[in-house]
J.: 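Questions regarding the structure given below will be posed in turn.
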Amino acid sequence: MVAPMNQPDTRPEKPDDLAHEPASGSLSARARAAVAPQLPYLSGLNPEQRAAVEATEGPVLVLAGAGTGKTRVLTTRIAHLIATGRAQPHQILAVTFTNKAAREMRERVTSVIGPVAEGMQWLGTFHSIGTKILRRHAELVGLRSDFTILGTDDQLRLMKQVIEAEGIDEKRWPARQLASLIDGWKNRGLGPNQIPAGEAGAFASGRGGKLYTAYQDRLKTLNAVDFGDLLLECLRLWREHPDILEQYQNRFRYMLVDEYQDTNVAQYLWLRLLAQARKNLCCVGDDDQSIYGWRGAEVDNILRFEHDFSGAVVIRLERNYRSTAHILSAASVLISKNQSRLGKTLRTEDEPGEKVTITGAWDSEDEARLIGEEIEALHAKKHSLAEIAILVRISAQMREIEDRLVTLGVPYRVIGGPRFYERAEIRDALAYLRVVNQPADDLAFERIVNVPKRGLGDATIQVLHNHARAARVPLVEAARFIVETDELKPKPRSTLRDLLTSFGRWSKLSETMTQSEVAQTVLEESGYTDMWQKDKSADAAGRLENLKELVRSMEEFPDLQSFLEHVSLVMEANESDTTERVSLMTLHAAKGLEFDTVFLPGWEEGLFPNQRALDESGRAGLEEERRLAHVGLTRARRRAKIFFASNRRIHGLWNSTIPSRFVDDLPEADVEVVEAPANFSYGGTSRFDRMAPFSGSSYQTPGWQRAQAHRSTTDDGGYSARRSGDRRGPMMIEGELVAKSTGAASSFKAGGRVLHSKFGPGTIEAVDGNKLTVEFDKAGRKMVLDSFVDAMG
DNA sequence: TGGATCAGTCTTTTT
DNA sequence: GACTGATCCA
């Protein structure tokens, strides 16, 4: 599997090669290029990094392991292209996956070469660049240039309508399923006419393809696209109009792609079309960090790069500047168990540092308690909370950890979670603004016509729909007609008329007001703000806060139109919070981040590797899970702490669990097994813990809200216990290898009777190292660790 | 129409 | 256990 190491310097830098390139072959450009080797920004790079920066011509794949200076190479490369006169800023295409990454790249390029970098109009996400291109040629793909971009929920609503229109039972064939099917096709670059024969029948007994076509038709009617279309329609545009493709091929002299391992087929095709002419495509990525396969990312894209782009140079960055040797070695050995990889060996000159710890907890509550204690101990030693992260496999794991942190009074922040613009209140507010901006926006209108409740329910909407469909007009127009007839009962009729009048008035406001004033007015006059003010639930205050934030953030934009445009693509909550907090997030959300100390709870079979990933994708699924483990470990600079629990509640039921196979993948020399103080009689949480509410941090997190909900049932309003007594400090006793089955053979034998403190008595069916399969008399068959059962006489 | 209750579901989530 | 969607009843 390990490809031979390519010599980066097989391709000597020859700026003169550019002579055949029309515009950039000017004397001045070449003169500037000639001084490149002395340019100061190159001096801090190691030889591989420098090679990656200087191999400007032809296809280049930079395999950049975790912490090897990937971003630095990318930004320096851009700076180099500009500084040496090879390209003007606007002739460089630089694509990332997230807006955050794009923003950071722009900032870093600017810091190297100054404000010239502001001229990089083609630095952005695949989707934002796709949007830009489509707006220019919208009419060629059957759209108007002011098309709207649909979010996931609008998409779903539309699909529901399409399914119903086809007379298909939406319960049997849920819209979600169709959405993921169509998404999958779009990810693979397939339009409605290009679906492989065997797959068109995948939905509603053979009507999948038909529904896809119907959905696309509805989108066109609404002058709308979904995220997938932003790429797919570009592909269609370029295929049907080679002259336009040529324009872009000529424009983009150099192309750079970040996180190449995450590209899907559509993105690959998109890049390949553009790169065909000049072939100056530089992709940076790490096959070992490909964790989005389930979302359509094709690891194959990176594995086959050399094959797809002939003459490609592959440069490996293997010098890690982030983690200590033990952590790096543990991560490297773990990932080496994967078969589908190009192969890299990360190395560091850093000290060995602390070993990776593995701690077994009794149950998930206990696990959360241990983590909490370790965090407190670190904090007491002046370790910054901002440098601590807890990375979980699934969000459901967060609950117990949050509860524990709240109890202890440890400030934390949940990263990821619902995006700002995905929150219901934000989407509602935006829907109002969309209708104000564009009354024909049916999906937006439908969303808010009865929010807040106005008595315009399903029955009324149905009437509007019928008329709209019959007359082929937008809903708003249908409504205008209907209120003049007596089709509706008097009450809904006058309510609807009032609403239409309001929208008419609001649309005119933008002539005299700024868009944030308009928004403010609309939200107040519509009764929307009122609705949340009257809401007594715990999160209403947070929602109002979010609405304020929305209105505030609008001020930066020239008009409503451009704000809405921005919002459909970007919109992240801008956290202006300086309090030091522990970060809690999923492993997926952690990619690209780093922390001094990383806690990795839940390393149990079934949870991590996730059973569903295994069931659905087999070995590929397992390998992706292992890459996720690798990502988790490599987030840590100085301390990585793995945990597993022997009992975990899954869907509300307690299950006995066994340690993850990834624990056994780790090299013994780099890990240390920590014996958890296994005092089960405490049962995890004491009454005192439960009674301690907490105030002052993270009031928007679910944990806080749960604490609030809890507080109303307790009686000690506001008193915050820092800690419920040090009955069990974090005892770091070096013990035998509880977690590994490589240790001494278990003293248990099949057929023997054992007693488990949670499951009661049972009979051993099989022994595998220290893992026992036990048929419990009451609880059924479970896998348990031998250290958690006692032999019965 | 809207609240209340019940059954069924349950990874990961840029754009 | 907690959330969603559907169905029932006032």
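Each chain gets a letter, A, B and so on, in the order the sequences are listed, and its residues count up from 1. What you are looking at is a predicted structure, and each value in this text was computed from that prediction instead of being measured.
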J.: Return no unless some side-chain N or O of A:Asn99 is found under 4.0 Å from OP1 or OP2 of B:dT15.
T.: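 Indeed, a polar side-chain atom of A:Asn99 lies that close.
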J.: To the nearest 0.5 Å, how far apart are CZ in A:Arg218 and CG in A:Leu443?
T.: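 Between A:Arg218 CZ and A:Leu443 CG, I get 7.5 Å after rounding to 0.5 Å.
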J.: Measure CG/A:Leu653 against P/C:dA2 and give the value in whole Å, please.
T.: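 Computing the A:Leu653:CG to C:dA2:P distance gives 13 Å.
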J.: Kindly point out which of B:dT13, C:dA2, B:dT15 is positioned nearest to the side chain of A:Thr98?
T.: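 My answer, after comparing the listed nucleotides, is B:dT15.
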J.: Hey, which sits more toward the 5' end of DNA chain B by its nearest nucleotide, A:Gly652 or A:Asp262?
T.: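 So the residue in question is A:Gly652.
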J.: Compare every heavy atom of A:Thr75 with every heavy atom of A:Arg108, then report the nearest pair and how far apart it is.
T.: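 Where A:Arg108 meets A:Thr75 most closely, the heavy atoms are CB-CG2, 3.6 Å.
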J.: With a 3.5 Å cut-off and no angle check, do the side chains of A:Glu400 and A:Ser364 form a donor-acceptor pair?
T.: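 Looking only at side-chain atoms, A:Ser364 and A:Glu400 do form a donor-acceptor pair, the distance falling under 3.5 Å.
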J.: Please report, rounded to the nearest Å, how far the P atom of B:dT12 is from the CD atom of A:Glu623.
T.: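 A:Glu623 atom CD is separated from B:dT12 atom P by 22 Å.
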J.: Taking atom NZ of A:Lys491 as the centre, report whether more than 12 heavy atoms of other residues, nucleotides or ligands fall under 6.0 Å from it.
T.: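 No - once you tally the heavy atoms of other residues, nucleotides and ligands closer than 6.0 Å, there are 12 at most.
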J.: Taking atom C1' of C:dA2 as reference, at what distance in whole Å does atom CE of A:Met398 sit?
T.: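 These atoms are roughly 16 Å apart.
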J.: Counting any heavy atom closer than 4.0 Å, what does A:Glu625 reach on the DNA or RNA strands: base, sugar-phosphate only, or nothing?
T.: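 Since a base atom lies under 4.0 Å of A:Glu625, the category is base.
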J.: Examine C:dG1: is either OP1 or OP2 under 4.0 Å from a nitrogen or oxygen in the side chain of A:Arg649? Give yes or no.
T.: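 It does, given that an N or O in the side chain of A:Arg649 lies less than 4.0 Å from OP1 or OP2 of C:dG1.
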J.: Have a look at A:Thr96 and say if it touches a base, only the backbone sugar-phosphate, or nothing, with a 4.0 Å heavy-atom cut-off.
T.: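 Contact class for A:Thr96: none.
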J.: Would you tell me if any nitrogen or oxygen in the side chain of A:Ser395 comes within less than 4.0 Å of OP1 or OP2 on B:dT12?
T.: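 For B:dT12, OP1/OP2 do have a side-chain N/O of A:Ser395 under 4.0 Å.
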J.: Tell me which nucleotide among B:dT12, B:dT11, B:dT15 gets nearest to the side chain of A:Glu616.
T.: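 Among B:dT12, B:dT11, B:dT15, the one nearest the side chain of A:Glu616 is B:dT11.
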J.: Quick check for you: among B:dT14, B:dT15, B:dC10, whose closest atom lies nearest to any side-chain atom of A:Arg295?
T.: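 In terms of side-chain proximity for A:Arg295, the closest of B:dT14, B:dT15, B:dC10 is B:dT14.
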J.: Using whole Å, report how far CD of A:Gln267 lies from C1' of B:dT14.
T.: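 That distance rounds to 10 Å.
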J.: Are any protein N/O atoms closer than 3.5 Å to N/O atoms in nucleotides 7-10 of chain C? If there are, list each pair with its distance.
T.:
unit_1, atom_1, unit_2, atom_2, d
C:dT7, OP1, A:Lys171, NZ, 2.9

J.: Between the protein and nucleotides 1-8 of chain B, are there any N/O to N/O pairs under 3.5 Å, and if so, what are the atom names and distances?
T.:
unit_1, atom_1, unit_2, atom_2, d
B:dT1, OP1, A:Gly457, N, 3.1
B:dT1, OP1, A:Thr460, OG1, 3.3
B:dT1, OP2, A:Ala459, N, 3.2
B:dG2, OP2, A:Asn450, ND2, 3.4

J.: Under the criterion side chain to side chain contact (heavy atoms under 4.5 Å, CB included), which of A:Asp287, A:Val284, A:Leu271, A:Val95 is the partner of A:Tyr260?
T.: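 Only one of A:Asp287, A:Val284, A:Leu271, A:Val95 forms a side chain to side chain contact (heavy atoms under 4.5 Å, CB included) with A:Tyr260, namely A:Leu271.
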J.: Do A:Leu607 and A:Gln397 make a side-chain contact, defined as non-hydrogen atoms from C-beta onward lying under 4.5 Å apart?
T.: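 Yes, close enough: below the 4.5 Å cut-off.
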J.: Is A:Phe97 stacked on the base of B:dT14, with ring centres under 5.5 Å apart and planes under 30° apart?
T.: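 Given the distance and angle limits, no, they do not stack.
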J.: Is there a donor in the side chain of A:Glu298 and an acceptor in the side chain of A:Tyr268, or the other way round, less than 3.5 Å apart?
T.: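 Side chains of A:Glu298 and A:Tyr268: no pair found under 3.5 Å.
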J.: Return yes if a side-chain donor-acceptor contact under 3.5 Å exists between A:Asp146 and A:Asn223, otherwise no.
T.: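 A donor-acceptor contact under 3.5 Å links the two side chains.
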J.: Describe the nucleic acid contact of A:Arg393 in one word from base, sugar-phosphate, nothing, applying a heavy-atom distance below 4.0 Å.
T.: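 Answer is base: heavy atoms of A:Arg393 come under 4.0 Å of a base.
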J.: Between B:dT11, B:dT15, B:dT13, spot the one nearest the side chain of A:Tyr292, thanks.
T.: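 The answer is B:dT13.
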J.: Give a yes/no verdict on base stacking between B:dC10 and A:His651: centres under 5.5 Å, planes within less than 30° of parallel.
T.: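 Base of B:dC10: stacked against A:His651.
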J.: For the pair made of NE2 in A:His588 and C1' in B:dT15, what is the distance, rounded to whole Å?
T.: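 Nearest whole value for this atom pair: 16 Å.
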J.: Separation of A:Asp226 atom CG from B:dT13 atom P, in whole Å?
T.: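 It works out to 21 Å between those atoms.
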J.: How long is the line joining CG of A:Asp258 and C1' of B:dT15, in whole Å?
T.: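 My rounded result for the distance is 15 Å.
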J.: Picking from B:dT11, B:dT15, B:dT12, which would you name as closest to the side chain of A:Arg612?
T.: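 Closest of the options to the side chain of A:Arg612: B:dT11.
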J.: So if I apply the salt bridge (Lys or Arg N to Asp or Glu O under 4.0 Å) rule between A:Asp288 and each of A:Arg341, A:Arg626, A:Lys591, which one comes out positive?
T.: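 Going through A:Arg341, A:Arg626, A:Lys591 one by one, the salt bridge (Lys or Arg N to Asp or Glu O under 4.0 Å) with A:Asp288 is satisfied by A:Arg341 alone.
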J.: With a 4.5 Å heavy-atom cut-off, do A:Tyr248 and A:Leu273 have their side chains touching?
T.: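 A side-chain contact under 4.5 Å is absent here.
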J.: Would one find a side-chain N or O of A:Thr586 under 4.0 angstrom from OP1 or OP2 of B:dT13?
T.: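 Looking at the OP1 and OP2 atoms of B:dT13, one of them is under 4.0 Å from a side-chain N or O of A:Thr586.
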J.: Just the rounded figure in Å: distance from P of B:dT13 to CG of A:Asn187.
T.: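 For the pair A:Asn187 CG and B:dT13 P, the rounded distance is 16 Å.
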J.: Tell me whether A:Arg295 forms a cation-pi arrangement with A:Tyr292, defined as NZ or CZ under 6.0 Å from the six-membered ring centre and within 45 degrees of its axis.
T.: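 Yes, cation above the ring, under 6.0 Å and within 45°.
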